[in-house]
Amino acid sequence: MTDSSPSQHLFADVLVRVHRACAALAEEGALPSGLDLTRIVVEPPRDASHGDMATNAAMVLAKDAKTKPRDLAERIVTKLRADDLIENAEIAGPGFINLTLKLPVWADVLRDVLRDGEGFGRSAIGADEKVNVEYVSANPTGPMHVGHCRGAVFGDALASLLSFAGYDVTREYYINDAGSQVDVLARSALLRYREALGEDIGAIPDGLYPGDYLKPVGQALAAEHGDSLVKAPEAEWLGLVRAKAIGMMMEMIRGDLAALNIRHDVFFSERSLIEGSADRVAETIDFLREKGDVYEGRLPPPKGAPVEDYEDREQTLFRATAYGDDVDRPLKKSDGGYTYFASDIAYHKTKFDRGFHNMVDVWGADHGGYIKRVQAAIKAVTSGQATLDVKIVQLVKLLRNGEPVKMSKRAGDFVTLREVVDEVGSDAVRFMMLFRKNDAVLDFDLAKVIEQSKDNPVFYVQYGHARGFSIFRNAREVFPDLPEADAERRQFLGIADLERLSDPVEISLLRRLALYPRTVEAAAVAHEPHRIAFYLYDLASEFHALWTKGRDLPHLRFIINNDAQITRARLALVQGVVAVLASGLTVLGVHAPTEMR
RNA sequence: GCACCCGUAGCUCAGCUGGAUAGAGCGUUGCCCUCCGAAGGCAAAGGUCAGAGGUUCGAAUCCUCUCGGGUGCGCCA
């Protein structure tokens, strides 16, 4: 295969061949022209005995072609058999076409991997389109706790995945620094300030933040202002103390994120929407009002949970129902300030104004009821030109040996993210958070994730990578000059006689490698990074199995002392596995170790 | 009451956006290994995909209803 496609995507290549076969049939008049080919897929068969790949082309096209699926399959098969990639094509079941590829195809796949290394699997489907991924966005009122960490890891991995798939990704954090919560923060900090000046403040009153983490803020304020704020009225110190506290909280949060190997490109301040020369929230409301999407009106009282101080009044409403939401949503509070929703509309409008037509928000499960209104708002504010996909991450149940972990009172009744990362490491946290679909609740067992056993997926996958390097180290008895550096080693192994990899288990492993680019694209399109984690687990599993086979069947060992040729080819296979494991782990933000300690 | 998410093996979960005989790990049971490549291997049992209808060549997947669990429901973010 000399005309390797830009994506090194074997499944995409074969799909092209199938399209070509259909086009040829159309030209001969055996098929109507202008058929919709987009529903045709080429996928791995459930059972390996069915061949290397299967396509549903005949079944999908049969109706429009006004023929029976199996008859049409017959014609497509004739074309496909003439293809230089395809060894054999057979019809099965209701009209599946099972394809067996020519053996050299697998050597070509490995050649691609050896050429591209960790870049294998990189895709261009994103076409450099801009995507904004907003995640974490925790309130700047304290350190991050475990509840935040799943969304943080998920968002970060999704951003990496989209980037790997060819999107131009911006990682963004929305700082909620404008609501009443940050005023509470400021009042809490002022108390710590008085404490730092030597005053006995007693117990922290209800409604204020009790955590010790505000003590450094108090000390910093004392150092900067002496006792000048003690007697000042709140109006004088509030803004100043608030800014200081938010600044220091954000520093702390950035530190927490850094411990998880997470960084954002943009930290967007909610306050910046209304401070300074322009009031972006007012502008946005005016914009919507001109479109007729904002009006003054009344809302029926909410059902279910009774609202204590409910008051039927006329208010400023966004016509969310015109865009798929269940009720219209208020934009102003009774005190005249904007609702959080109003700010959020303006905020998402700035994303659009900054050129993002693709947006992804990562939220906690408790915000699920908020999705419709924000999507409605984005439709209104961008005239349908932008899309927002909201990914909900479910709760994490923190366990230790199966028992729920008690909350630590000191930090203010929550387990901090830092405590967890310090205990089990960023790799374990990240991988386990991603080894589950985002919308399923997750049990996270502090004891199990650091276990060095097959039962621990983090270890299992990382050990696969390390085992590859262990094989390289042992291989130096046969190839003393096997290079240490990745690129050189890939080149060294790339000249191996890869066609000698012909044992069914070796081919099976190569088939798995060929699946990687397809997995990357599917995961990126679906916004589901967990698919990468599961793929890596499967790949590692198959690699370990092959290694183990060498115990009973010495001829299958990677290193065959009296046969440098086959050893080199198998080392190339190991290199392929190592490269893809490293690639996937990098996408997930997990370290790929060269040895386990 | 309404909206959204979920329901798959004893347990924890995948299932590639509608494909073939629904998979994996744990647990259970039975063998093998425990010298040549430590952090084991092989195999078996185990299913009304919550239930009932519908859509079509074909449904765990899409639609409707029912049951069961979670989340949320002006002026918190």
Practice task
Spell out, as yes or no, whether a donor-acceptor pair under 3.5 Å connects the side chain of A:Asn456 to the backbone of A:Val449.
Solution key: yes
Problem - Atom pair distance, as rounded to whole Å: CZ in A:Phe268 and P in B:rA77 - result: 17 Å
Exercise for the section: Assign A:Lys68 to base, sugar-phosphate, or nothing according to its heavy-atom contacts below 4.0 angstrom with the strands shown. Expected result: nothing
Problem - Heavy-atom donor-acceptor pair, A:Asp293 side chain to A:Phe318 backbone, under 3.5 Å - result: no
Fill in the blank from the handout: When rounded to whole Å, the CG to P distance for the pair A:Leu536 and B:rG25 reads 17 Å
Practice task
Side chain of A:Lys372 only, please: which of B:rG25, B:rA3, B:rA77 is the nearest?
Solution key: B:rA3
Completion exercise
Taking for A:Pro300 and for A:Asp47 the nucleotide of RNA chain B with the nearest heavy atom, the one nearer the 5' end belongs to A:Asp47
Problem - Test item: A:Val146 and A:Phe444 side chains (from C-beta on) under 4.5 Å apart, heavy atoms - result: no
Handout entry: Same-atom distance (P) from B:rA50 to B:rA9, integer angstrom
Key = 8 Å
Practice task
Answer yes or no: does a side-chain N or O of A:Lys391 lie under 4.0 Å from OP1 or OP2 of B:rC4?
Solution key: no
Handout entry: N/O donor-acceptor pair under 3.5 Å between A:Asn438 side chain and A:Ile392 backbone
Key = yes
Exercise for the section: For nucleotides B:rG46 and B:rC4, find the distance between their P atoms and express it as a whole number of Å. Expected result: 39 Å
Exercise for the section: Could you give the distance separating B:rA52 and B:rG15 at their P atoms, to the nearest angstrom? Expected result: 24 Å
Problem - Reported CZ-to-CD1 distance for the pair A:Phe479 and A:Ile559, which is rounded to 0.5 angstrom - result: 10.0 Å
Practice task
Any chance you could lay out the ring-ring contact (aromatic ring centres under 6.0 Å, His included) test for A:His264 and A:Tyr135, step after step, and finish with the verdict?
Solution key: CA-CA 9 Å; A:His264 289 82; A:Tyr135 56 108; 4.3 Å; yes
Practice task
Ignoring the backbone of A:Glu270, work out which of B:rC75, B:rA77, B:rG25 is nearest its side chain.
Solution key: B:rA77
Handout entry: Check: A:Ser343/A:Glu270 side-chain N/O donor and acceptor closer than 3.5 Å
Key = yes
Handout entry: Closest to the A:Ser180 side chain, choosing from B:rC75, B:rA77, B:rG74
Key = B:rA77
Problem - Per-nucleotide pairing state of RNA chain B [Watson-Crick or G-U, under 3.5 Å; [ ] pseudoknot-crossing; | other strand] - result: (((((.(..((((.....[...)))).(((((.......))))).....(((((..]....)))))).)))))....
Exercise for the section: Grab the OH-C1' distance between A:Tyr370 and B:rU71 for me, whole Å please. Expected result: 16 Å
Exercise for the section: Could you check whether A:Tyr310 gets within reach of a base, just the sugar-phosphate, or nothing at all, counting any heavy atom under 4.0 Å? Expected result: base
Problem - P atoms of B:rU71 and B:rC76, separation to the nearest Å - result: 22 Å
Practice task
Give the rounded distance in Å between these two atoms: CD1 of A:Ile471 and P of B:rA38.
Solution key: 11 Å
Handout entry: hbond_proxy A:Tyr537 side chain to B:rA24 base (donor-acceptor, 3.5 Å cutoff)
Key = no
Practice task
Would you classify A:Gly179 as touching base, sugar-phosphate or nothing, given that sugar-phosphate means primed atoms plus P, OP1 and OP2, and contacts are heavy atoms under 4.0 Å?
Solution key: sugar-phosphate
Practice task
Using only side-chain N and O atoms of A:Thr548, determine if any of them is under 4.0 Å from OP1 or OP2 of B:rG40.
Solution key: no
Exercise for the section: Side chain of A:Val441 only, please: which of B:rG40, B:rC16, B:rC13 is the nearest? Expected result: B:rC13
Problem - Nearest-Å distance once atom P is located in both B:rA22 and B:rA60 - result: 9 Å
Completion exercise
Note: A:Thr567 and A:Asp563 closest approach over all heavy atoms is OG1-O, 2.8 Å
Practice task
Fit a plane to each ring of A:Phe469 and A:His465, take the angle between them on a 0 to 90° scale, and name the class: parallel (under 30°), tilted (30 to 60°) or perpendicular (over 60°).
Solution key: tilted
Practice task
Return the orientation label for the A:His145 and A:His148 ring planes: parallel under 30°, perpendicular over 60°, tilted otherwise.
Solution key: tilted
Problem - C1' spacing across the pair B:rU56 / B:rG19, given as an integer number of angstrom - result: 12 Å
Exercise for the section: Name the nucleic acid region contacted by A:Gln181, choosing base, sugar-phosphate or nothing; use a 4.0 angstrom heavy-atom cut-off, strictly under. Expected result: sugar-phosphate
Handout entry: Nearest-nucleotide pick for A:Lys333, side chain only, options being B:rA3, B:rG74, B:rA77
Key = B:rA77
Practice task
Would you mind reading off the distance between A:Glu521 atom CD and B:rC16 atom P, rounded to a whole angstrom?
Solution key: 17 Å
Problem - Polar pair under 3.5 Å, donor/acceptor by atom type, side chain A:Arg551, base B:rC36 - result: no
Fill in the blank from the handout: By salt bridge (Lys or Arg N to Asp or Glu O under 4.0 Å), A:Asp325 pairs with (sequence neighbours left out) A:Arg329
Exercise for the section: Please state the P separation for the pair B:rG25 and B:rG41 - nearest whole angstrom. Expected result: 10 Å
Exercise for the section: Using only side-chain N and O atoms of A:Lys437, determine if any of them is under 4.0 Å from OP1 or OP2 of B:rC6. Expected result: no
Practice task
Could you check whether A:Leu299 gets within reach of a base, just the sugar-phosphate, or nothing at all, counting any heavy atom under 4.0 Å?
Solution key: base
Handout entry: B:rG15 phosphate, OP1 or OP2, under 4.0 Å from A:His530 side-chain N/O
Key = yes
Exercise for the section: Remember a base hit wins even if backbone is also touched, and classify A:Arg467 as base, sugar-phosphate or nothing at under 4.0 Å, heavy atoms. Expected result: sugar-phosphate
Could you go through nucleotides 17-20 of chain B and list every protein N or O atom that sits under 3.5 Å from one of its N or O atoms, giving the distance for each pair?
residue	atom	partner	partner atom	Å
B:rA20	OP1	A:Arg46	NH2	3.2
B:rA20	OP2	A:Arg46	NE	2.6
B:rA20	OP2	A:Arg46	NH2	2.2
B:rA20	N6	A:Asn98	OD1	2.5
B:rA20	N1	A:Asn98	OD1	3.0
B:rA20	N1	A:Asn98	ND2	3.0

Exercise for the section: Remember a base hit wins even if backbone is also touched, and classify A:Ser541 as base, sugar-phosphate or nothing at under 4.0 Å, heavy atoms. Expected result: nothing
Completion exercise
Between CD of A:Gln375 and P of B:rC4 the distance, given in whole Å, is 12 Å
Fill in the blank from the handout: Which of B:rG72, B:rG74, B:rA77 is nearest the side chain of A:Gln315? It is B:rG74
Exercise for the section: May I have the distance from A:Asp64 (atom CG) to B:rU56 (atom C1'), rounded to whole angstrom? Expected result: 14 Å
Exercise for the section: Measure up the A:Phe120 and A:Tyr516 rings against each other and bin them: parallel (under 30°), tilted (30 to 60°), perpendicular (over 60°). Expected result: parallel
Problem - Glycosidic conformation of B:rU17, taking syn as within 90° of 0 and anti otherwise - result: syn
Problem - Comparing A:Ser453 and A:Arg436 on RNA chain B - which has the more 5′ nearest nucleotide - result: A:Arg436
Problem - A:Asp177 side chain vs A:Arg271 backbone, donor-acceptor pair below 3.5 Å - result: yes
Problem - Whole-Å distance separating the CG atom of A:Asp538 from the C1' atom of B:rG15 - result: 11 Å
Problem - Interatomic distance at P, B:rG40 relative to B:rC49, whole Å - result: 35 Å
